[in-house]
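For reference, the structure discussed in these notes is given below.
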Amino acid sequence: MSLTLSKQPPVLPDDGPGPQLRIVPVRRTGQWAAAVALLVLLALALVSVVRNDAFQWGVVGDYFATAAVLRGLWLTLWLTAAVMALGFALGTVLAVMRLSANPVLKAVSWGYVWLFRSTPILVQLLFWFNIGALYPEILGVRTVDLMGPVTVAVVGLTLHEAAYAAEVVRGGILSVERGQIEAAQSLGLGRWRRLRRIVLPQAMRSIVPPAGNMLIGTLKGTSIVSIIAVQDLLYSVQLVYHRTYQVVPLLLVATIWYVVVTSLLSLGQYYVERYYARGSADAR
Amino acid sequence: MTATAMVEVRSVHKSFGSLEVLRGIDLDVRAGEVTVVLGPSGSGKSTLLRTINHLEKVDRGSVSVDGTLIGYRRSGDKLYELREREVLKQRTGIGFVFQNFNLFPHLTVLENVTEAPVAALGRPRKEAVAAAEKLLARVGLADKAGAYPRQLSGGQQQRVAIARALALEPKLLLFDEPTSALDPELVGEVLDVIKDLALQGTTMIVVTHEIGFAREVADTVVFMDGGLIVEQGPPAEVLDHPRHERTRAFLAKVL
């Protein structure tokens with residue numbers, strides 16, 4: 001019996017040169033009905049959104065690209081970038097500490113991750129915001145001057161991010177085969193070179209997907225800094241609606257910006273994943 | 001002890017937990033000779049090979065290559081463990097070829113071969129590339145320089161791994177079952193490369209199950225069992241007239 005697929009409908013062997021038999025697929029009436037019903041419901045929802053004047057789409061348009069909103073968006077973007085970069089830098093250090101043979105480094109790294117994952121980010125942020133109560137002066141400078149709201153936001157979010165990044169990076173490093181490290185050792189490559197040139201590039205394949213998750217989570221998560229009056233995207237629209245009471249349309253402004261940026265980031269993740277898959281079986 | 005011994009292994013012991021894998025190994029390998037290590041699985045032959053470039057630390061005994069203690073510095077009757085940087089430097093003189101190739105999958109064939117000369121020996125990249133291209137031609141893979149390891153067959157990958165080890169111009173080459181992970185029809189091309197190296201007088205220790213290769217290429221065949229060297233000698237002696245029952249039993253199974 002041949003395994004090749006042909007475009008001809010299969011002919012039953014015992015029928016001889018009889019009529020060609022056509023295959024009739026089962027009618028999936030239920031599937032069709034479900035699909036139609038769902039599309040109708042979606043259309044109704046869309047119509048109600050468009051026609052409901054309470055959404056005030058006109059107001060959304062008016063504020064969408066105002067200077068205040070764009071300034072907030074810019075702060076959200078650079079805060080996300082800074083927190084990701086610093087968080088992953090610290091997280092990589094923590095991961096390497098955790099995987100080292102030194103029991104003190106191991107324990108400290110474990111303790112850090114434990115502490116910063118065990119408390120809500122909101123609590124951590126408020127804690128750093130009030131750090132001046134514990135240490136009124138740091139190195140001769142008044143803490144209030146040193147730790148303004150934006151600095152608190154960067155520090156607080158980074159320390160929290162690093163705890164999660166450490167686990168992501170550690171998982172990535174563990175996913176690299178032991179033989180790769182042995183090969184690098186047998187070639188006389190130093191510890192730093194092994195990490196940077198051999199281990200981390202291969203670890204990136206397992207690091208990128210969860211890191212992409214974290215990036216999108218961080219972008220949205222930065223909205224928490226509105227609680228300490230840092231003018232990010234969310235706080236910027238809040239400032240407007242506290243004045244104009246147009247709550248829903250201004251939240252929509254922020255929502256649309258968040259969706260636009262996270263969509264672009266997801267697209268970026270696709271290309272980063274493709275880059276780190278080079279040399280692997282599913283690369284092309 | 002011979003004055004010309006390139007590798008001197010002296011009463012090496014090694015345990016993993018409660019399992020004693022090496023139970024007192026003494027071995028001399030003369031410069032320019034090929035030593036083939038045979039033995040059943042679990043006899044300790046791979047572990048022995050790995051102690052020679054200090055991928056495994058020994059529990060007792062010592063290994064020296066070209067008159068230099070590996071992994072330790074002797075002062076009086078004490079052995080002081082060397083720093084990692086010094087061990088890495090020693091390893092650049094000892095090439096190691098793994099059963100599973102362990103090529104770096106994210107680097108091209110050429111980058112695999114040039115990595116160590118550039119990073120470990122500080123050679124200029126241009127020089128390393130020229131040397132790598134020569135080595136790849138030598139193992140018959142000049143046209144694969146830009147390929148990634150997974151685009152190559154197992155036999156081609158192992159030949160790249162050999163070129164990678166040769167790029168450091170080591171005085172000693174260690175092969176850990178270099179053909180065991182290969183499809184049968186690819187074994188020959190790898191053995192041919194190793195034979196070619198043997199003809200040029202490279203000092204090698206080869207752990208393998210290829211008896212035919214041992215007979216053809218080895219100057220000395222070492223038979224190990226249970227963490228000990230049971231017997232050693234020229235292939236004609238050990239393979240054709242084994243003196244020990246265990247060697248006879250092993251050869252009867254694999255021949």
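Numbered from 1 within each chain, the chains take letters A, B, ... in sequence-line order.
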Flag if over 12 foreign heavy atoms under 6.0 Å of NZ, B:Lys195: yes
Contacting moiety of A:Arg194, where chain B heavy atoms sit under 4.5 Å: side chain
B:Phe96 side, atom CZ; A:Glu182 side, atom CD - distance, nearest 0.5 Å: 7.5 Å
B:Ala119 versus A:Leu189, closest heavy-atom pair with distance: CB-CD2, 3.7 Å
Side chain B:Asn102, main chain A:Ala183, donor-acceptor under 3.5 Å: no
Which portion of B:Leu107 sits near chain A, non-hydrogen atoms under 4.5 angstrom: side chain
A:Glu273 atom CD, over 12 foreign heavy atoms within 6.0 Å: yes
Over 12 foreign heavy atoms within 6.0 Å of CG, A:Leu134: yes
Test item: B:His106 side-chain N/O and A:Ala277 main-chain N/O as donor-acceptor pair under 3.5 Å: no
Structural part of B:Phe98 lying under 4.5 Å from a heavy atom of chain A: side chain
Chain A contact via B:Asn100 - which portion, at a heavy-atom distance below 4.5 Å: neither
Heavy-atom pair of closest approach, residues A:Gln185 and B:Leu55: OE1-CD2, 3.6 Å
Option in B:Leu103, B:Leu174, B:Thr92, B:Ile94 with maximal non-hydrogen atom pairs under 4.5 Å from chain A: B:Leu103
Between B:Arg164, B:Gln90, B:Glu115, B:His54, the one whose heavy-atom pairs under 4.5 Å with chain A are most numerous: B:Glu115
Heavy-atom pair of closest approach, residues B:Ala120 and A:Gly188: CB-O, 3.6 Å
B:Arg91/A:Leu187 under side-chain contact (heavy atoms from CB on, under 4.5 Å): CA gap, chis, key distance, verdict: CA-CA 7 Å; B:Arg91 288 204 185 107; A:Leu187 290 168; over 6 Å; no
Heavy-atom contact with chain A under 4.5 Å, split by part of B:Pro105: both
Heavy atoms from other residues, nucleotides or ligands near CH2 of A:Trp74 exceed 12 (cutoff 6.0 Å): no
